[in-house]
Amino acid sequence: MKEKVAALLVSKGVATPAVIERARAAAAAKGEPFCARLLAEGIDEGAIAEALAEEHGFPGVDLSRSAIPLELLDLVPRAVAEGDLIFPLSEEGGRIHLAMAHPTDDRVVAEVRFVTGREVSPYAACRTSLLRAMGEAYEARARGKDLWRGASSATAGAHVEVIVPGGDEIQEIEPIPEEVVIEVEPEPEAPEPRRGAPLVLVVDDEPEIRQLVQRTLKAKGYAVEIAEDGAEAIEKAEQLVPDLVLLDAMLPRVHGFDACRRIKAGPRTRAVPVIMMTAIYRGWRFAQDARDSYGAVDYVEKPFRLEDLLSRIEAALLSGGEAAAAPEVTGDGGDPRVAVGKKLLAEGKAPDAVAVLLQAVEGDPSSAVAHYQLGRAQRAAGDRFAAMTSLERAVDLGARSVKALRALATVYEESGFRRKATEVLERALHSAADEAARAEIRKDLLRFIA
């Protein structure tokens, strides 16, 4: 990594080859990080942060010019911060923004997301500056201080100096044709509809999750059976032929993915919809493989929202065991507030549109349309991180919606998250319905790999 950062600094005229060689030699001789020696040579931390941002595909952060409210440190215990080299920066847009020495470490990001139940935005930071900031900030917090300031911070209040490399104007993504939904004939051996309450088989080796889901489903009128491992799941599915199986991926005895495959292959259970749950196998590629290779009708990442889980169960039961078509993000979804919000946005009244669309989302938290339009309005109002969260939610609810994916990729790109923008565009490419749409997405992708 240090070789590319060095090359970037030289190419930008920030450092001469002689300075780079001197810093490299001193780092090797003293066993110090290369970043520390660059700072010792007088290289500006902002320039290093920009080079790190270009290297990693995430925005950089200049901690020396930032001022952080110390209440944020309560989100991340000091031992965790020092062990994983992470430092909380803000809660803008309802997200946790983290300075990281290794911003591409998805394991750390997933752990923070899992523990907090909130989305995480990583920022590339110079390791030496990160360690210094952590030490000073946590000690200041222990002394009862409210704000930590970097050595060069000149702002009166809290501020994060974010470095987004390039700075080119981002073009609005043009609408593309809607996805084509292919109708699939129902399985000929599907069981007769069950009389009475639908039966859901809940499979998880964590008793707290089993009890939580069981209590929630029973309160909504479902009948519930539980299983604690993959082998018991297969046995009970064969015996009971439930209306739906809610199946954790990480299970003892028989792995959840294998259990899903066996349930979908059984002559009595092949038409039973299976929703996979996971806290480990995160990301759209796992979700797509779970559907394509193992027959799952849906894929839910933990921690999940109970209202979201309930809506996915309802959709899966209505689908008859086939993967349901992704909710459209066009139209108004039947909610007049969405139509009003879209009209206000078209008239250039973005703050008013945000207010109305927030009401629509509160009224129907499972509406992909409402979240999508809210994200568009928040972006127009200049609140990119709130837009990011709303569009991520729209994508979660409408997993194959190319419109929502491309809108999310645009916001990621505008905010400097080029690596995430690339990942989302790859997903949009996979989901696009025709060659014309795929060609447009490829043009977007070329900007990141050229």
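All residue numbers in this chain count up from 1 along the given sequence.
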Closest non-hydrogen atom pair, L52 against C126: CD1-N, 3.6 Å
Taking only residues two or more places apart in sequence or in another chain, which ones pass side-chain contact (heavy atoms from CB on, under 4.5 Å) with V160? V61, S66, I68, L89, V162
Of the non-hydrogen atoms in L357 and G341, which two are nearest, and what is the gap between them? CG-CA, 3.9 Å
To check you understand the geometry: which heavy-atom pair defines the closest contact between V164 and P59, and what is its length? CG2-CB, 4.5 Å
Pair R262 + D258: basic N to acidic O under 4.0 Å: yes
Mind checking side-chain hydrogen bond (donor to acceptor under 3.5 Å, both in side chains) for R65 and listing every partner two or more places apart, or none if nothing turns up? D44, D62
Is the distance from the ring center of H255 to that of F257 below 6.0 Å? yes
Quick one: CD on E206 to CD1 on I209, what's the gap to the nearest 0.5 Å? 4.0 Å
Should L345 and K342 count as side-chain neighbours, where that means a heavy-atom distance under 4.5 Å? no
Which atom of A377 lies closest to which atom of A350, heavy atoms considered: O-CB, 3.9 Å
Within the 4.5 Å heavy-atom criterion, are L201 and L199 side-chain neighbours or not? no
Nearest 0.5 Å please: distance from the CD atom of E423 over to the CG atom of L445. 11.5 Å
Neighbour count >12 (heavy atoms, 6.0 Å) for atom CZ, R438: yes
side-chain contact (heavy atoms from CB on, under 4.5 Å) partners for A67, two or more places apart: L147, R149, S153, T155
V300 and M276: side chain to side chain contact (heavy atoms under 4.5 Å, CB included), yes or no, with the steps? CA-CA 6 Å; V300 179; M276 297 291 298; over 6 Å; no
With sequence neighbours excluded, what pairs up with R376 under the salt bridge (Lys or Arg N to Asp or Glu O under 4.0 Å) test? none
Keeping T269 on the side-chain end and V272 on the backbone end, is there a donor-acceptor pair under 3.5 Å? no
How far apart are the C-alpha atoms of I86 and V108, what are their side-chain angles, what is the distance that settles it, and do they pass the side chain to side chain contact (heavy atoms under 4.5 Å, CB included) test? CA-CA 9 Å; I86 59 178; V108 172; 3.8 Å; yes
Residue list, side-chain hydrogen bond (donor to acceptor under 3.5 Å, both in side chains) with K343, at least two apart or on another chain: E347
Hey, are the side chains of L374 and V338 touching, using non-hydrogen atoms and a 4.5 Å cut-off? no
As a quick check of understanding, evaluate side chain to side chain contact (heavy atoms under 4.5 Å, CB included) for Y222 and I313, giving each step before the final call. CA-CA 11 Å; Y222 292 96; I313 288 172; 4.0 Å; yes
For R210, enumerate each residue passing the side-chain contact (heavy atoms from CB on, under 4.5 Å) test, keeping only those at least two apart in sequence or located in another chain. D204, P207, I226, E228
Give me the atom names and distance for the closest heavy-atom approach of K264 to A271. NZ-C, 4.1 Å
Applying side-chain hydrogen bond (donor to acceptor under 3.5 Å, both in side chains) to E362 and not counting sequence neighbours gives none
Taking every heavy atom of L317 against every heavy atom of D243, the minimum-distance pair comes out as CD2-O, 3.5 Å
Salt bridge flag under 4.0 Å for residues R419 and E55: no
Rounded at 0.5 Å granularity, tell me how far CG in L391 sits from CZ in R406. 13.5 Å
Sequence neighbours left out, what passes salt bridge (Lys or Arg N to Asp or Glu O under 4.0 Å) with E307? Give chain and number order. none
List the atom pairs, donor and acceptor, that lie under 3.5 Å between side-chain atoms in residues 90-100 and the rest of the protein, sequence neighbours left out.
{"residue": "S90", "atom": "OG", "partner": "E92", "partner atom": "N", "Å": "3.4"}
{"residue": "E91", "atom": "OE2", "partner": "R118", "partner atom": "NH1", "Å": "3.0"}
{"residue": "E91", "atom": "OE2", "partner": "R118", "partner atom": "NH2", "Å": "2.9"}
{"residue": "R95", "atom": "NE", "partner": "S121", "partner atom": "OG", "Å": "2.8"}
{"residue": "R95", "atom": "NH1", "partner": "T389", "partner atom": "OG1", "Å": "3.1"}
{"residue": "R95", "atom": "NH1", "partner": "E392", "partner atom": "OE1", "Å": "2.7"}
{"residue": "R95", "atom": "NH2", "partner": "S121", "partner atom": "OG", "Å": "3.3"}
{"residue": "R95", "atom": "NH2", "partner": "E392", "partner atom": "OE2", "Å": "3.2"}
{"residue": "H97", "atom": "ND1", "partner": "Y123", "partner atom": "OH", "Å": "2.8"}
{"residue": "H97", "atom": "NE2", "partner": "E92", "partner atom": "O", "Å": "2.8"}

Only counting residues at least two apart or in another chain, list the ones meeting salt bridge (Lys or Arg N to Asp or Glu O under 4.0 Å) with R442. E435
Please lay out, stage by stage, how Y412 and T422 fare under the test side chain to side chain contact (heavy atoms under 4.5 Å, CB included). CA-CA 9 Å; Y412 275 142; T422 302; over 6 Å; no
Taking atom CG of L425 and atom NZ of K420, what is their separation to the nearest 0.5 Å? 12.0 Å
Working to the nearest 0.5 Å, report the span between CG of D105 and CG of D84. 7.5 Å
Do I48 and C35 have side chains that approach each other closer than 4.5 Å (heavy atoms only, starting at C-beta)? yes
Does any part of the side chain of V245, heavy atoms only, come nearer than 4.5 Å to the side chain of V202, both counted from C-beta? no
Would you give the length of the straight line joining atom CD of Q378 to atom CZ of R384, rounded to the nearest 0.5 angstrom? 13.5 Å
For E71, all residues meeting side-chain hydrogen bond (donor to acceptor under 3.5 Å, both in side chains), sequence neighbours excluded: none
Under the rule for side-chain contact (heavy atoms from CB on, under 4.5 Å), what residues qualify as partners of A51, not counting sequence neighbours? V5, L8, L9
Does the distance from a Lys or Arg side-chain N to an Asp or Glu carboxylate O, for E50 and K12, drop under 4.0 Å? yes
Within-4.5 Å side-chain heavy-atom neighbours: F34 and R24: yes
Among L251, L246, D248, I263, which residue meets the side chain to side chain contact (heavy atoms under 4.5 Å, CB included) test with V203? L251
Quick check: do D229 and V254 have side-chain heavy atoms less than 4.5 Å from each other? no
Pairwise side-chain contact, V200 with P242, heavy-atom cut-off 4.5 Å (strictly under): no
